[in-house]
Asker: 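Here it is: the structure, laid out below.
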Amino acid sequence: MVAKYKQYFQNDLQFEEFSKYHVIQLNDTHPIIAIPELIRVLVDENSIDFEKAVEITKNTFAFTNHTVLQEALETWPKDIMLEVCPRCFEIIEQLNENVVKEFKKKGLSEEAIDPYRIIRFDQIRMANLAIVMSKSVNGVAKLHTQILKDDTFNNWYKLMPEKFNNKTNGITPRRWLVYSNIRLSNFITEKLGTGDWKYDLTKLKGLEKFLDDEKTLEEINQIKYENKKDLAKYILENEGISIDPNSIFDIQIKRIHEYKRQHLNLIHIINLYHELKNNPDMDFYPTTFILGGKAAPGYFRAKAIIKLANEIARVVNNDPYVNDKIKVVFVNNYRVSYGEKLFPAADISEQISTAGKEASGTGNMKFMLNGALTLGTYDGANIEIFENAGVENNYLFGAKVEELNEIYNSYNPKEFYHTNEDIKDAVDALLSGELKDNDSYMFLDIYNSLINPQGGEKADNYFVLKDFEDYKKTHEKINKEYADRLTWARKSLKNIANAGYFSSDRTILEYAKDIWKL
Ligand SMILES: *Cc1c(COP(=O)(O)O)cnc(C)c1O
């Protein structure tokens, strides 16, 4: 960028116009090292004064935060920095001194300055570096941006509120509908009489005039059925498991993490399995639970959750007493190309993260665009999905952020375990041996994480047991309501017709107008 700039603006030796022609949008904390690197290039290679280089840099960078999980906000150790990029470390030290000086001038005490320091205890706090040195700081959904302002970056927000803004994420409709769901795409074009919606997704709103047209609703159901047949065939070939396209396809596909609560889904399946075994004549619409996702290599508990899903699948799918009622599939190697087959075939989109923890989510939007109903918490972009499609056309459950913040210190998951039989039944199954008869303690770590605090870690940090009962009740509601196929199709169409807001075209245009000033 600097080399090209010098070619085009040979007379601007002071780089006066650099930030007018460049914006560097920092996509998370990973590329923040580019900040001292630009200063280095300007100062060391182009003889710009340090303070002047800082000004240019501040007007060039913008920072997008993607998570509020403390462990994901990077800190880089001083000793490694000194070895790998000593000059950048020197520049960061200078920037840190500037921050400290400026805040002292404002009258802040040493202690009050601590949260703002870029370097503390020989660690470089990359997010602090990005916030001081950027002209814009944004979150990726309304709730997430609010949490950044109120909590994660509240110290910064109080000093520089004008920097903070929201850009709700989006997805590209060309991949996630036109390419991956040809049946639905062609159907929409036929109904709207034009393919314009592919380039202005808000035009999907035009589908609302068919909300009470039975023929249209039946066609919606038929398309979903055909997509489910395709997926069933693909799953038989790839996973060796036979599933029924007439059953409810309830899908949770995303990276494995405790905050995303795949284990809430799994202990619910265990409890449901026991219920069906004990009560074979129970009124129940057959359901196929599909899960998929990768664990980070060093995340032991996430790998145990994958193992648990596979063990539940093995036991349930081989039990002839429940086999025509529930099936469980954990798909191998979940990735974009597998997603392209899963999203179009979903009836239910599981978006069950602990409220306040999922910054935005984008899988939730892919499901919505393909006509799945969201079973979700009040979290991330789920909230905006409920707002756009109507909460009455989806399934909201669970505690909200404010409630979780209030009970944070007093929460005792054991109370839920001891007072709710369904919870005890499902949690005990983790150790009973029924899921792995030759190693009853295989799931001891998951069990302990839910009810036995240890090693300084609190039990059930992600409020799985707190939300269980509401989750189960909401599943029961879904199971009843699915049988009314036309009402279900109407809800599905409502979701599709209101997915326009979640096009990445809209997101990118907002970045272009508000931050890049294009
Ligand atoms: C969309 C997508 C994600 C993100 O899913 P979330 O449910 O938003 O976490 C992850 N992996 C793949 C392969 C995806 O396509």
Side-chain angles (χ1 to χ4, degrees), residues 27-28 64-69 72 139-144 167-181 201 227 231 234-235 238 249-266 289-297 299 302 305-306 309 329-386 388 394-395 398 462 495 499 501-505 507-508:
N27 190 19
D28 215 336
T64 304
N65 171 271
H66 287 276
T67 175
V68 298
L69 298 183
V140 291
K142 272 200 270 186
L143 176 73
H144 171 228
K167 296 287 166 281
T168 297
N169 277 162
I171 53 164
T172 168
R174 270 77 64 189
R175 178 180 293 274
W176 296 113
L177 180 51
V178 179
Y179 173 78
S180 59
N181 194 346
L201 204 65
N227 291 342
L231 178 64
Y234 190 81
I235 283 182
N238 285 274
F249 278 18
D250 178 306
I251 308 187
Q252 186 179 26
I253 40 174
K254 48 182 75 255
R255 293 297 296 262
I256 311 296
H257 200 290
E258 286 165 284
Y259 87 78
K260 291 174 183 283
R261 300 200 294 192
Q262 278 92 357
H263 50 335
L264 171 58
N265 190 348
L266 293 172
F289 295 96
I290 301 171
L291 295 96
K294 289 173 180 155
Y299 194 172
I305 290 172
I306 294 177
V329 182
F330 187 89
V331 302
N332 279 289
N333 195 13
Y334 170 59
R335 59 202 186 281
V336 166
S337 55
Y338 214 136
E340 287 165 0
K341 301 177 194 315
L342 288 156
F343 292 110
D347 295 307
I348 284 291
S349 157
E350 295 257 4
Q351 306 300 335
I352 61 177
S353 52
T354 310
K357 296 297 179 192
E358 188 72 271
S360 160
T362 53
N364 48 2
M365 303 168 188
K366 299 167 199 169
F367 279 114
M368 178 198 197
L369 184 60
N370 285 277
L373 276 47
T374 300
L375 164 54
T377 47
Y378 205 78
D379 198 20
N382 297 352
I383 297 172
E384 290 158 79
I385 288 176
F386 297 138
N388 278 275
N394 288 287
Y395 296 93
Y462 296 98
N495 275 277
Y501 180 74
F502 302 101
S503 171
S504 51
D505 298 344
T507 312
I508 293 164

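When a ligand or atom number is given, it counts from 1 through the structure's own listing order. Note that the structure is predicted; figures quoted are calculated from it, not measured.
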Asker: May I ask you to decide if the ring planes of Y259 and Y462 are parallel, tilted or perpendicular, using 30° and 60° as cut-offs?
Answerer: tilted
Asker: Apply the side-chain hydrogen bond (donor to acceptor under 3.5 Å, both in side chains) test between Q351 and each candidate in K254, R261, Q252; give the one that qualifies.
Answerer: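 Testing Q351 for a side-chain hydrogen bond (donor to acceptor under 3.5 Å, both in side chains) against K254, R261, Q252 leaves exactly one candidate, K254.
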Asker: Are N238 and N332 linked by a side-chain donor-acceptor pair shorter than 3.5 Å?
Answerer: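 Per modelled atom types, N238 and N332 side chains form no pair under 3.5 Å.
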Asker: Cut-off 3.5 Å, side chains only: do N227 and K341 have a donor facing an acceptor?
Answerer: no
Asker: I need the full list of side-chain hydrogen bond (donor to acceptor under 3.5 Å, both in side chains) pairs touching residues 372-381, with sequence neighbours left out, sorted by first then second residue.
Answerer: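 Residue pairs with at least one partner in residues 372-381: S353-D379.
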Asker: Could you go through ligand 1 and note, for every N or O atom, any protein N or O atom closer than 3.5 angstrom, writing the atom names and distance to 0.1 Å, or 'none'?
Answerer:
unit_1   : atom_1 : unit_2 : atom_2 : d
ligand 1 : 7 (O)  : K254   : NZ     : 2.7
ligand 1 : 8 (O)  : T362   : N      : 2.8
ligand 1 : 8 (O)  : G363   : N      : 3.0
ligand 1 : 9 (O)  : K260   : NZ     : 2.8
ligand 1 : 15 (O) : K366   : NZ     : 2.7

Asker: Applying the ring pair (Phe, Tyr, Trp, His ring centres under 6.0 Å) criterion to Y338, which one of F343, F330, Y234 satisfies it?
Answerer: Y234
